[in-house]
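Keep in mind that this is a model prediction, so the values were computed, not measured.
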Amino acid sequence: MTAPGRRAAAPAGTRGLRAEHVLLLRAATGPPADTRAAWRRWRAAGGTLDALDPGAARLGPRLYGALRRAGVDDPDLPRLKGMWRHAWAANQRTFAGAAGALAALREAGVPALVLKGAALVHLHLDGAGDRQMADVDVLVPPAGRDAALAALHDAGWRFGPRHLGPHLVARHSAPLRRSGAEIDLHWYAQHEPADDRPLWEAAVPVTVHGEPALAPCPADLVLGLCAHAMRWDVTVPVVWAADVAAVVAGGGVDWDRLVARARAAGLTLPAADGLAFVRDELGVAVPGHVVPALRASHVPLRTRLAYRSGLRSWHFTRRLPVLYDHWRRLRALEEPHVAPPPLVDWLAAGFDQPSRGAFARWAAAWPRRAHLPSGRWRSASTSRAWSR
């Protein structure tokens, strides 16, 4: 492992992670001796729980278990225990709500696969309090999207009008809520449209609050965690690295499959950046050939530009290459559920504009809005859409 600090040669997708994030991640994921050493260094550098940014605060429940196993006696241990218990209680409500959605999908005959955190908590972590879940990501086949939305609507799940009509075509998922519970219904596993049939074929069974479902195999889960984390967000993503470390520590990752899936899905750039970070900074046992194989993969120029643009804060000219790359990906699929509309209509939907004309007027006014102080001209709905 390298010493934590400002890393000039850090993978592009992880440069938002600071030295304190690295120390906390080492404390949360390392063996007992490394946990104790990293925690002492974080404390010596002036680290306090009150000063944690939102991304680092999500590590609180994981830190509690790691510090307890390492025999660390710290005055903040009771607070960390409270964070763990809060996460456990919140997750019970979250998983209970998700189970209702899974039951509605099962009764409608729509297959369902839980992604990211829900798969991690149920298959790779010690307890339901180790990682708090704001929602549960549920994947359905693209051809089952409309049936899934209808079944969930009949079961009382609702989503905002921004995700209806023309806007839905430019999405890979949509959030739905019912009685305080929330799920994110996916018809593509990632923001980047791809053929997810291999993910379904290698899926493993899982039970969410008594309701049967499927989850990604370890290789596909690691790939999905890296791909989701390597994009800009208002909150610097931190917990994803601990999630990857937990999956790898559990064994069963088919690394050759991960490389092949990353290439097929066009996700070699985020996979390489994420795995290089956890290997170099956290000592995660990533085989030596994996990152070089990912970096040597051919990536179209448009995809490289979209990836680099997606790592920076929301901006009209940065969002354009991302939307264009997604449009080209969807067009390249052999059997897309919904053929993408003409590019200008796709861009209008991607920017939450109701029509071509509205998009043209909105885009024409952008240079004037771009000179306003940051954040004053962006609509709340558009900012939320990009932060997801």
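The SG atom of C226 sits 9.5 Å away from the CG atom of L221 when rounded to the nearest 0.5 Å. Taken to the nearest 0.5 Å, the OG1 atom of T303 stands 8.5 Å off from the NE2 atom of H298. For the atom pair CG (L25) and CH2 (W42), the distance works out to 12.5 Å, reported to the nearest 0.5 Å. The line from NE2 of H21 to CG of L23 is 10.5 Å long, rounded to the nearest 0.5 Å. A distance of 10.5 Å separates CZ of R356 from CG of L347, quoted to the nearest 0.5 Å. Expressed to the nearest 0.5 Å, how far CG of L267 lies from OG of S297 amounts to 11.0 Å.
Donor-acceptor pairing under 3.5 Å is lacking for the side chains of D243 and H124. Between the side chains of T268 and R263, not a single donor N or O lies within less than 3.5 Å of an accepting N or O. Using a 3.5 Å distance cut-off with no hydrogens or angles, the side chains of D256 and H289 do pair a donor with an acceptor.
The minimum heavy-atom distance between A101 and I183, with the atom names listed, is CB-CD1, 3.8 Å. In this structure, D325 and A306 approach most closely via the heavy-atom pair CB-CB, 3.6 Å. The minimum heavy-atom distance linking W327 with P342 is given by the pair NE1-C, 4.1 Å. Considering all non-hydrogen atoms of both residues, A170 and G350 come closest at CB-N, 3.8 Å. When every heavy atom of A128 is checked against every heavy atom of V121, the shortest pair comes out as CA-CG1, 3.8 Å. Contact detail for P61 and G129: the closest heavy-atom pair is CB-O, 3.0 Å.
With R178 contributing its side chain and R158 its backbone, the two residues share no donor-acceptor pair below 3.5 Å. The closest donor-acceptor contact from the side chain of H122 to the backbone of A119 lies at 3.5 Å or more, if one exists at all. At distances below 3.5 Å, at least one donor-acceptor pair connects side-chain atoms of T35 with backbone N or O atoms of G30. Under a 3.5 Å cut-off, the side chain of R231 and the backbone N or O of H228 do form a donor-acceptor pair. In this structure, W346 contributes its side chain and L323 its backbone to a donor-acceptor pair below 3.5 Å. Put simply, the side chain of R145 never gets that close to the backbone of L185: no donor and acceptor are under 3.5 Å apart. When atom types are taken as modelled, the side chain of S355 and the backbone of A358 share a donor-acceptor pair closer than 3.5 angstrom. Looking at N91, its side chain does come within 3.5 Å of a backbone N or O of R131 through a donor-acceptor pair. Put simply, the side chain of D196 never gets that close to the backbone of L199: no donor and acceptor are under 3.5 Å apart.
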- Test R261 against D254 for salt bridge (Lys or Arg N to Asp or Glu O under 4.0 Å), laying out the working first. CA-CA 11 Å; R261 287 274 294 118; D254 183 340; over 6 Å; no

- side chain to side chain contact (heavy atoms under 4.5 Å, CB included) between R302 and L305: does it pass, once the steps are laid out? CA-CA 5 Å; R302 72 168 195 278; L305 179 60; 5.7 Å; no

- Just do the side chain to side chain contact (heavy atoms under 4.5 Å, CB included) check on V253 and V247 with the steps written out, would you? CA-CA 8 Å; V253 177; V247 179; 4.3 Å; yes

- Task: Please step through side chain to side chain contact (heavy atoms under 4.5 Å, CB included) for the pair R18 and D53, ending with a clear verdict.
- Result: CA-CA 11 Å; R18 302 187 298 274; D53 61 78; 3.1 Å; yes

- Intermediate values then yes/no, side chain to side chain contact (heavy atoms under 4.5 Å, CB included), V206 and L214: CA-CA 5 Å; V206 67; L214 296 172; 5.6 Å; no

- Please step through salt bridge (Lys or Arg N to Asp or Glu O under 4.0 Å) for the pair D130 and R62, ending with a clear verdict. CA-CA 5 Å; D130 284 354; R62 200 85 56 93; 5.4 Å; no

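Geometrically, R257 does not engage W255 in a cation-pi contact defined by less than 6.0 Å to the ring centre and at most 45° from the axis. A cation-pi arrangement is absent between R312 and W232, since the terminal nitrogen or guanidinium carbon is not both under 6.0 Å from the aromatic centre and inside a 45° cone about the axis.
Tracing side-chain contacts under 4.5 Å through hydrophobic residues (I, L, V, M, F, W, Y), one reaches L17 starting from W39; they form part of the same cluster. When hydrophobic clusters are built by joining Ile, Leu, Val, Met, Phe, Trp and Tyr residues whose side-chain heavy atoms come closer than 4.5 Å, directly or via intermediates, Y188 is not grouped with L139. A single hydrophobic cluster is not seen to contain both L105 and L113; linkage of ILVMFWY side chains at heavy-atom distances under 4.5 Å, directly or through other members, places them apart. The cluster map of Ile, Leu, Val, Met, Phe, Trp and Tyr, joined by side-chain heavy atoms under 4.5 Å apart, puts L115 and L225 in different clusters. Note on V239 and Y64: same hydrophobic cluster, where clusters join Ile, Leu, Val, Met, Phe, Trp and Tyr whose side-chain heavy atoms are under 4.5 Å apart, directly or indirectly.
Under 4.0 Å is where a charged nitrogen must lie from a carboxylate oxygen, and between R26 and D34 no such pair does. A salt bridge between E182 and R177 is present, with a side-chain N of the basic residue lying under 4.0 Å from a carboxylate O of the acidic one. A salt bridge links R171 to D352: at least one charged side-chain nitrogen sits closer than 4.0 Å to a carboxylate oxygen. Under the 4.0 Å criterion applied to side-chain N and carboxylate O atoms, D273 and R295 are assigned as salt-bridge partners.
Around CZ of R79, the count of heavy atoms belonging to other residues, nucleotides or ligands within 6.0 Å exceeds 12.
Looking only at side-chain heavy atoms (C-beta outward), L258 and L275 come within less than 4.5 Å of each other. Taking the side chain as every heavy atom from C-beta outward, W187 and P141 never approach each other to under 4.5 Å. A 4.5 Å side-chain heavy-atom check between D184 and V138 finds every atom pair outside the cut-off. In this structure, the side chains of Q92 and H209 come closer than 4.5 Å at one or more pairs of heavy atoms. Proximity of L120 to W240: side-chain heavy atoms (C-beta onward) are nowhere separated by under 4.5 Å. Residues D137 and V114 form no side-chain contact, since every pair of their non-hydrogen atoms from C-beta on lies 4.5 Å or further apart. Side-chain contact between V140 and P111: absent, with no pair of heavy atoms (C-beta onward) separated by less than 4.5 Å. With contacts defined as side-chain heavy-atom distances shorter than 4.5 Å, the pair L52/L24 qualifies.
The one candidate from R36, K81, R43 that meets the salt bridge (Lys or Arg N to Asp or Glu O under 4.0 Å) condition with D74 is R43.
Relative ring orientation between H172 and H186 is described as perpendicular, the plane-to-plane angle rising above 60° on a 0-90° scale split at 30° and 60°. Ring pair F359/W362 is parallel by interplanar angle, where below 30° counts as parallel and above 60° as perpendicular.
Ring-centre distance between H326 and H191: not below the 6.0 Å cut-off. Ring-centre distance between H153 and F159: not below the 6.0 Å cut-off.
Residue pairs meeting the salt bridge (Lys or Arg N to Asp or Glu O under 4.0 Å) criterion with at least one member in residues 200-219, sequence neighbours excluded: R106-E211.
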